[in-house]
Number of protein chains: 2
Amino acid sequence: MEARRDVFQAISDPTRREIINLVSAKPLNLNSIADNFTISRPAISQHIKILSECGLILVVQKGRERYCEAKLDKLKEVSDWIEKYTVFWNNKLDALGQFLEKKEQ
Amino acid sequence: MEARRDVFQAISDPTRREIINLVSAKPLNLNSIADNFTISRPAISQHIKILSECGLILVVQKGRERYCEAKLDKLKEVSDWIEKYTVFWNNKLDALGQFLEKKEQ
DNA sequence: TAAATATGTAAGTATTTGCTTACAAATATA
DNA sequence: TATATTTGTAAGCAAATACTTACATATTTA
């Protein structure tokens, strides 16, 4: 389990999106996170490692526990990419026209 | 190459994101798209199949050519998911506070 | 100090992914 | 009609992915 490690890939997994959602509410230690899933604790541990490695969560040791905090700034990378295409579902046909004109220049 | 087929997974691949970017400017037939990449044409064909299957592009036959049009409404699914977390990089600390309060209720 | 708790990590595995080459099929053109 | 063009798809493959179980390592608590 290595290689590409970017935000797009990180959020492509539904379990990791759910972990992000959980810790965005408040920091949680690993076991508390794992309680929300049926898959094994090590599996959650691996997902958290991925999220941590690509900078989406911060792991803070507190005694024997490790609390995971959301640090979602990197999601902006995805947001920025998506933003270019919002005209496609905004029903703003003028905006779409302008977008296409601009791209063809 | 089957199984999970959702928008998050579709855009997790850099080649597919680039294809989306290309056809968002204007419809292109498959060979024109493939010209922009070093990987083989069948590889591009497979990526287009994935994008088409999850509804991000529309393939329109024109003679022996197939033109790919962007149909990016489904990206809204990603946009909506991301939007919940924009407070994390907006430097609006008040908004973040309110977000967290709201979640804990 | 011994036992319990919280966690990481290694090894193994089935499935998925992203590519390749080879070939088939449809349409256009000479 | 023969040939060129545009494309899909099958088969094969190496690597990545998402798990599992087993075990090691801290830290806390009894």
Side-chain angles (χ1 to χ4, degrees), chain A residues 1-23 26-71 78, chain B residues 1-23 26-71 78:
Chain A
M1 199 191 288
E2 298 186 45
R4 218 190 325 143
R5 183 107 325 155
D6 61 87
V7 187
F8 285 91
Q9 203 265 342
I11 67 168
S12 72
D13 182 86
T15 301
R16 287 196 287 270
R17 286 200 301 277
E18 184 56 26
I19 291 175
I20 286 175
N21 190 48
L22 285 169
V23 302
K26 65 171 178 190
L28 291 172
N29 68 341
L30 193 134
N31 273 345
S32 306
I33 293 172
D35 285 345
N36 294 273
F37 299 91
T38 53
I39 59 175
S40 71
R41 181 196 50 77
I44 297 297
S45 181
Q46 283 157 7
H47 281 306
I48 284 176
K49 191 178 183 185
I50 289 172
L51 290 171
S52 165
E53 276 175 10
C54 79
L56 284 172
I57 66 173
L58 200 67
V59 181
V60 179
Q61 182 111 21
K62 245 181 192 173
R64 65 189 159 187
E65 295 171 276
R66 276 170 201 173
Y67 280 84
C68 302
E69 298 177 13
K71 187 167 168 296
V78 181
Chain B
M1 200 193 289
E2 300 187 42
R4 216 188 330 140
R5 183 104 326 154
D6 60 86
V7 186
F8 286 91
Q9 203 265 342
I11 67 168
S12 72
D13 183 85
T15 302
R16 286 196 290 268
R17 287 200 299 280
E18 184 56 25
I19 292 175
I20 286 175
N21 189 49
L22 286 168
V23 301
K26 66 172 178 188
L28 291 172
N29 67 341
L30 194 133
N31 273 344
S32 306
I33 294 172
D35 284 346
N36 294 273
F37 300 91
T38 54
I39 59 175
S40 71
R41 182 196 48 77
I44 298 295
S45 181
Q46 284 157 8
H47 281 306
I48 284 176
K49 191 178 184 186
I50 290 172
L51 290 170
S52 166
E53 277 175 8
C54 80
L56 284 171
I57 67 173
L58 199 67
V59 181
V60 179
Q61 183 109 22
K62 245 180 192 173
R64 65 189 161 189
E65 296 172 274
R66 276 173 198 169
Y67 280 85
C68 303
E69 298 178 13
K71 188 168 166 291
V78 181

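Note that the coordinates shown come from a computational prediction; the quantities given were computed from them, not determined experimentally. Proteins get letters first, then strands, A, B, ... in listed order; numbering begins at 1 in each.
Atom-to-atom, CG of A/L30 to P of D/dT25 comes out at 19 Å; the value is rounded to the nearest Å. Atom CD of A/E53 is separated from atom C1' of D/dA18 by 15 Å (rounded to the nearest Å). With rounding to whole Å, B/L28 atom CG is found 11 Å from D/dT7 atom P. As rounded to whole Å, 11 Å separates atom C1' of D/dC19 from atom CD1 of A/I50. Atom pair B/D13:CG and D/dT17:C1' shows a separation of 14 Å (rounding to whole Å applied). Remark: C1' of C/dA6 and OH of A/Y67 are 11 Å apart, rounded to the nearest angstrom. In this structure, the CD1 atom of B/I44 is 16 Å from the C1' atom of C/dT21, given to the nearest Å. Here D/dA16 presents its P atom at 16 Å from CD of B/Q9, a figure rounded to the nearest Å.
Side-chain atoms of B/Q46 do not come within 3.5 Å of backbone N or O of B/I48 as any donor-acceptor pair. Using a distance-only test at 3.5 Å, with no hydrogens or angles considered, a donor-acceptor pair links the side chain of B/R16 to the main chain of B/A10.
Annotation: side-chain contact (heavy atoms from CB on, under 4.5 Å) contacts of A/R64 (sequence neighbours excluded): none. Residues passing the ring-ring contact (aromatic ring centres under 6.0 Å, His included) test with B/Y67, sequence neighbours excluded: none. Annotation: salt bridge (charged side-chain N to carboxylate O under 4.0 Å, His left out) contacts of B/E53 (sequence neighbours excluded): B/R5. With sequence neighbours left out, A/I20 forms a side-chain contact (heavy atoms from CB on, under 4.5 Å) with A/I11, A/L51, A/L56, A/L72, B/W81, B/Y85. Scanning for side-chain hydrogen bond (donor to acceptor under 3.5 Å, both in side chains) contacts around B/S52 gives an empty result, with sequence neighbours left out. Annotation: side-chain hydrogen bond (donor to acceptor under 3.5 Å, both in side chains) contacts of A/T15 (sequence neighbours excluded): none.
Closest of all the heavy-atom pairs between B/Q9 and A/S12 is CA-CB, 4.1 Å. When all heavy atoms of B/S32 and B/N36 are compared, the pair lying nearest together is O-ND2, 2.8 Å.
Here salt bridge (charged side-chain N to carboxylate O under 4.0 Å, His left out) pairs that include residues 27-45 of chain B, with residues two or more places apart or in two chains, number zero.
For the pair B/K49 and D/dG8, the criterion of a side-chain N or O lying under 4.0 Å from OP1 or OP2 is not met. Put simply, A/R66 has no side-chain N or O that comes within less than 4.0 Å of OP1 or OP2 on C/dA6. Between C/dT17 and B/H47, no contact under 4.0 Å exists linking OP1 or OP2 to a side-chain N or O.
Of the residues in residues 56-64 of chain B, those with a non-hydrogen atom less than 4.0 angstrom from any atom of DNA chain C are B/G63, B/R64. Taking every heavy atom of residues 31-43 of chain A and every atom of DNA chain C, pairs under 4.0 Å involve A/N31, A/R41, A/P42, by number.
Taking five base pairs at each end of the helix from C/dT1-D/dA30 to C/dA30-D/dT1, the local helix axes there meet at an angle of 10°, rounded to 10°.
Taking every side-chain heavy atom of A/S45 into account, C/dG8 is the closest of D/dT9, C/dG8, C/dC19.
Atom NZ of B/K71 and atom CD of B/E69 lie 10.0 Å apart (nearest 0.5 Å).
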